[in-house]
Amino acid sequence: MFKIALPDGSVREMPEGSTPADVAAAIGPGLAKAALAARIDGEVRDITRPFEGDARLELVTSRDEKDALELVRHDFAHILAEAVQNLFPGTQITFGPATDDGFYYDFAPAPGRGPFTDEDLPVIEEEMRRIIARDEPLIREVWKREDVRALFEKQGERFKAEWVMELPEAEPITMYRSGNAETAWLDLCRGPHLASTGKLDPQSFKLTRVSGAYWRGNPKNPMLSRIYGTAWLNKKQLDAHLVRLEEAAKRDHRKIGQEMDLFHLQAEAHGSVFWHAHGFLIWRELEAYMRRRIDAAGYREIKTPQLMDARQWERSGHWGKYRENMFVVPDEIPNTEEEGPIVSGDANLMALKPMNCPAHILVFNQGIKSYRDLPLRLYENGSCHRNEPHGALHGLMRVRQFTQDDAHIFCTEEQIVQEVRDFCALADRVYKDLGFDCYGIKLALRPDQRFGSDADWDKAESELRDAVVTAGMATEEFGWEELPGEGAFYAPKLEWHLTDAIGRTWQVGTIQSDRVLPDRLDANYIGEDGAKHRPIMLHRAIFGSYERFIGILIEHYAGKFPLWLAPVQAVVATIVSDADDYARQVAAKLAAAGIRVDIDLRNEKINYKVREHSLAKVPLLLVVGKREAEEGTVALRRLSSEERQVVMSADEAVAMMRGEAVPPDLR
RNA sequence: GCCGGAUUAGCACAGGGGUAGUGCAGCGGUUUUGUAAACCGAAGGUCGCGGGUUCGAAUCCUGCAUCCGGCACCA
């Protein structure tokens, strides 16, 4: 007999060979039905897997949403694979994990058949529902490695056969069998799974898209055909998720950017942004705001060249480690004759800067620096070009030309922690000013490909860690996490991840502690001892890039910017043409008060104007008709406001709006 | 870069071997209007670019470009 301890403190004696399902049944039929899996001494397991000794047991039900979703999603992946092999014999199976909102499975299509397409999805969904309807038991079996390999090789499943040989020695190798018949479907899987396919709600999932994916994530491997699905505990959750996706699509910065006439992208300059007047107003406000913050924080703004000689990039190390991301330009006059190539091919090469750091060291290196000059904080709105793979480009979020709010702090070892802490405070202020109350901080540790000694990396990593710890921000509240292998080639990074209005996260700010570049480019200062010393260089940015940050702001606010950032802050709209002159006077007063105001005198009904300016997301609409013109008032209507409108004198309105439009740092 | 899909008027979209359609916007007119779409009219397109098949191609084939969804990449 085994002693099974339950969460309520009671202990049940169960015979050997009994399972958590037996315990659930003994407690009551309701629980037996609701129980999806078992948590044995903290580890989630199949509910039908027999106890192996005394145990602490918690039954997992749909109330344990996180565990239940993970189980259900994993099951759906399994059923997807079974369905695909039923429908498309010869398709090889590979991997199929649960994801944040569902699952996917990677397949190698049968010979002669191409990858899956969207048209296949409804057919596969139907087959999945049939498998659920058949309520096939999912049975865990422990196999010998060699038997698994032999079986898969016989079946032509070469990916699974390859994978099983690489599983760790210590782990038991388990296969899951669905169905009882001899034709039952088998998959190599760590589990756990639900007891049977009938536990799933056939209306709680949807196959969403197809994609290519490299086998084991390596571009040198064959490309597999991936099918994604989203899966939930019930239809209501699924529908809610689909609504969330629609809401997110409505916020898409590319769509809003077009609707609000903020910017455009076109093939002739793919990956670079054409900013329109409205979009660039947002940029200018952000830039002015950042300059005020930077000035107050003791930075000095500089501007450095776009093009530098390739030899400079060799010295900095970018030529070796980063060249494939750079735009290279021959330093010669192009041939203008009809005959012959445009460039000779043997001129010296220059490159557009992909980063600002080397140029900032060159500025630092001018003249002799004393320890008294440190910390020296050099800031630049640095315009960079990166030769990104075409498939990576995405609206404002991933572009080939962008402007960083970049700065480099040259300091001594003793100053690092304080500088990093000051930066944490500055970043916190900026994010909150811009409407992001929630963000996470993560530490990206040394990558495999890197410059510098392990001792330096040890130091750099612990300095960054210490600064966040002593700032009290290395906590769960700040999503503190360390990410091995994700640092830059020259330095570890602290990363700031913003959470937006609908819960998505975006990596924006960073600070990196670098001992490599100052060394490679021979930066030094004279210490108190009269000798030369290497400064440490802290690379840091808060927005990351203006382009991407504005993209994030657009999605965060769904285009409804706070007043100080709104490209058009107010529109004065007339009801009758008799009010035209008065409307012009009001608009002039607003403009004189620094408000970005448009005036709408068109021969349209006020309904039409209200609708149009509301859709254009203008924060304030001042409606003036005959009455307002006579009384010197305006009817002020706020975007998305519950209250319909407030009538006040034009002067009051101007004063109020002037106050509301002040940027957060000037309030 | 890789896999799949898409590209038709300023925007959103329909059509699918016989020579191009709807709605909105824009333009002209009527209407002077009170808080989310007044009415009428005329106009607007080398159907992404190149090559091929065909009596005839926006439509079929092919190459390229860009975009979209993923993969890989992301200092």
Side-chain angles (χ1 to χ4, degrees), chain A residues 104 106 109 114-120 208-228 249 252 254-255 258-259 261 264-271 316-318 321-322 324-326 353-358 384 386-395 397-400 402 404 406 444 447 449-450 486-491 493 495 507 510 512 514 517 539 541 544-545 548 573-580 601-616 621-628 635-637 639-640 644-645 647:
Chain A
Y104 66 80
D106 287 347
F116 295 104
T117 67
D118 287 334
E119 280 100 68
D120 296 322
T208 48
R209 52 184 174 249
V210 293
S211 149
Y214 300 111
W215 166 238
R216 304 178 72 171
N218 187 338
K220 289 183 183 136
N221 288 340
M223 177 146 287
L224 304 171
S225 180
R226 176 174 295 180
I227 297 178
Y228 281 95
D252 191 312
R254 295 164 299 188
K255 180 170 153 22
Q258 168 142 277
E259 287 166 357
D261 194 18
H264 87 271
L265 298 156
Q266 67 179 63
E268 288 73 8
H270 67 282
S316 70
H318 290 79
K321 290 261 192 284
Y322 207 69
E324 63 180 9
N325 288 293
M326 292 166 70
K353 66 174 170 185
M355 300 181 199
N356 306 299
C357 30
C384 297
R386 291 187 192 174
N387 205 340
E388 302 283 2
H390 290 194
L393 301 177
H394 178 91
M397 301 305 188
R398 192 79 181 272
V399 288
R400 304 212 293 180
F402 55 94
Q404 294 178 313
D406 199 8
Q449 280 248 342
R450 60 178 182 262
E486 299 205 5
F489 67 79
Y490 51 78
K493 302 192 287 183
E495 302 175 346
Q507 199 216 303
T510 179
Q512 305 159 12
D514 179 6
L517 266 186
H539 306 240
S545 90
R548 185 156 180 278
T574 52
I575 296 170
V576 292
S577 51
D578 287 348
D580 285 1
L601 306 179
R602 289 176 305 170
N603 178 11
E604 297 287 355
K605 291 198 180 232
I606 193 62
N607 289 302
Y608 183 89
K609 295 184 182 180
V610 166
R611 177 181 152 83
E612 193 163 87
H613 299 302
S614 299
L615 290 175
L621 186 60
L622 289 84
V623 178
V624 297
K626 214 168 166 188
R627 200 184 319 150
E628 287 76 11
L636 182 73
R637 187 190 159 107
L639 182 63
S640 323
R644 197 155 126 184
Q645 66 176 355
V647 178

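Residue numbering restarts at 1 for every chain, and letters A, B, ... go by the order of the sequence lines.
Side-chain nitrogen and oxygen atoms of A:H390 include none within less than 4.0 Å of the OP1 or OP2 phosphate oxygen of B:C73. For A:R602 and B:G26, the shortest distance from a side-chain N or O to OP1 or OP2 is below 4.0 Å. Taking only side-chain nitrogens and oxygens, A:N607 never comes nearer than 4.0 Å to OP1 or OP2 of B:U35. For the OP1/OP2 pair of B:C68 and a distance below 4.0 Å, the side-chain nitrogens and oxygens of A:R254 include at least one atom meeting the criterion.
Atom OH of A:Y322 and atom P of B:C73 are 14 Å apart (whole Å). One interatomic measurement links the two molecules: CZ of A:R548 to C1' of B:C74, which rounds to 9 Å at whole-angstrom precision. Spacing between atom CD of A:E388 and atom P of B:C73 amounts to 13 Å, rounded to whole angstrom units. As a whole-Å value, the separation of A:I575 CD1 from B:U35 P is 8 Å. The nearest whole Å value for the distance from the CE atom in A:M397 to the P atom in B:C68 is 12 Å. Residue A:N218 contributes atom CG, which lies 12 Å from atom C1' of B:C73 at whole-angstrom precision. The nearest whole Å value for the distance from the CG atom in A:L265 to the P atom in B:C11 is 13 Å. A:K220 has its NZ atom 11 Å from the P atom of B:C73, to the nearest Å.
Within 4.0 Å of A:Y104, counting heavy atoms only, lies no atom of the nucleic acid at all. Across all strands shown, A:E495 has no heavy atoms under 4.0 Å from either base or sugar-phosphate atoms. Residue contacts shown for A:R226 are limited to sugar-phosphate atoms, with no base heavy atom under 4.0 Å away. Across all strands shown, A:H394 has heavy atoms under 4.0 Å from sugar-phosphate atoms exclusively, and none from any base. The residue A:A635 sits close to a base: some heavy atom pair falls under 4.0 Å. Counting any heavy atom pair closer than 4.0 Å across all strands shown, A:P354 reaches no nucleic acid atom. Residue contacts shown for A:Y608 are limited to sugar-phosphate atoms, with no base heavy atom under 4.0 Å away.
Legend: residues meeting ring pair (Phe, Tyr, Trp, His ring centres under 6.0 Å) with A:H264, ordered by chain and number and at least two apart, are A:F274, A:H276. Residues passing the ring pair (Phe, Tyr, Trp, His ring centres under 6.0 Å) test with A:H613, sequence neighbours excluded: none.
Between A:H270 and A:H390, the two ring planes are perpendicular [angle over 60°; tilted spans 30° to 60°]. Using cut-offs of 30° and 60° for the angle between ring planes, the A:F489 and A:H318 rings count as perpendicular.
Going from the C1' atom of B:G56 to that of B:A65 covers 28 Å, rounded to whole Å. Going from the P atom of B:A14 to that of B:G26 covers 24 Å, rounded to whole Å. Taking atom C1' on both B:U54 and B:G41, the two are 41 Å apart, rounded to the nearest angstrom. Spacing of P atoms, B:A36 relative to B:G17, comes out at 46 Å, to the nearest Å. Of the C1' atoms belonging to B:G5 and B:G10, the separation is 25 Å, rounded to the nearest Å. Of the C1' atoms belonging to B:U46 and B:U59, the separation is 15 Å, rounded to the nearest Å. Atom P of B:A9 sits at a distance of 15 Å from the matching atom of B:A58, rounded to the whole Å. Comparing B:A25 with B:C11, their P atoms are spaced 15 Å from each other, to the whole Å.
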Please write out the pairs of protein N or O atoms and N or O atoms of nucleotides 12-16 of chain B separated by less than 3.5 Å, giving the distance to one decimal.
unit_1: B:A12; atom_1: OP1; unit_2: A:Q258; atom_2: NE2; d: 3.3

Under 3.5 Å, which protein N or O atoms sit close to an N or O of nucleotides 3-5 of chain B? Give each pair with its distance.
unit_1: B:C3; atom_1: O2; unit_2: A:G212; atom_2: N; d: 3.3

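Between A:H270 and A:S545, the one whose closest nucleotide on RNA chain B sits nearer the 5' end is A:H270. Between A:S614 and A:K493, it is A:S614 whose nearest contact on RNA chain B lies nearer the 5' terminus.
At a cut-off of 3.5 angstrom, counting only N and O atoms as typed in the model, there is no donor on one side facing an acceptor on the other between the side-chain of A:Y214 and the base of B:G70. Remark: the A:R398 side chain and the B:C73 base include a donor-acceptor N/O pair separated by less than 3.5 Å.
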Checklist line | Nucleotide-resolved protein contact map, nucleotides 39-48 of chain B, B/S/- at heavy-atom distance under 4.0 Å | finding: ----------
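Between the side chain of A:S211 and the backbone N or O of A:R226 there is no donor-acceptor pair closer than 3.5 Å.
Secondary-structure annotation of RNA chain B gives the stems B:1-7 with B:65-71, B:10-13 with B:21-24, B:27-30 with B:38-41, B:48-52 with B:60-64, with a stem taken as at least 3 successive Watson-Crick or G-U pairs whose two distances both fall under 3.5 Å.
Residue A:Q266 places its CD atom among more than 12 non-hydrogen atoms of other residues, nucleotides or ligands, all under 6.0 Å distant.
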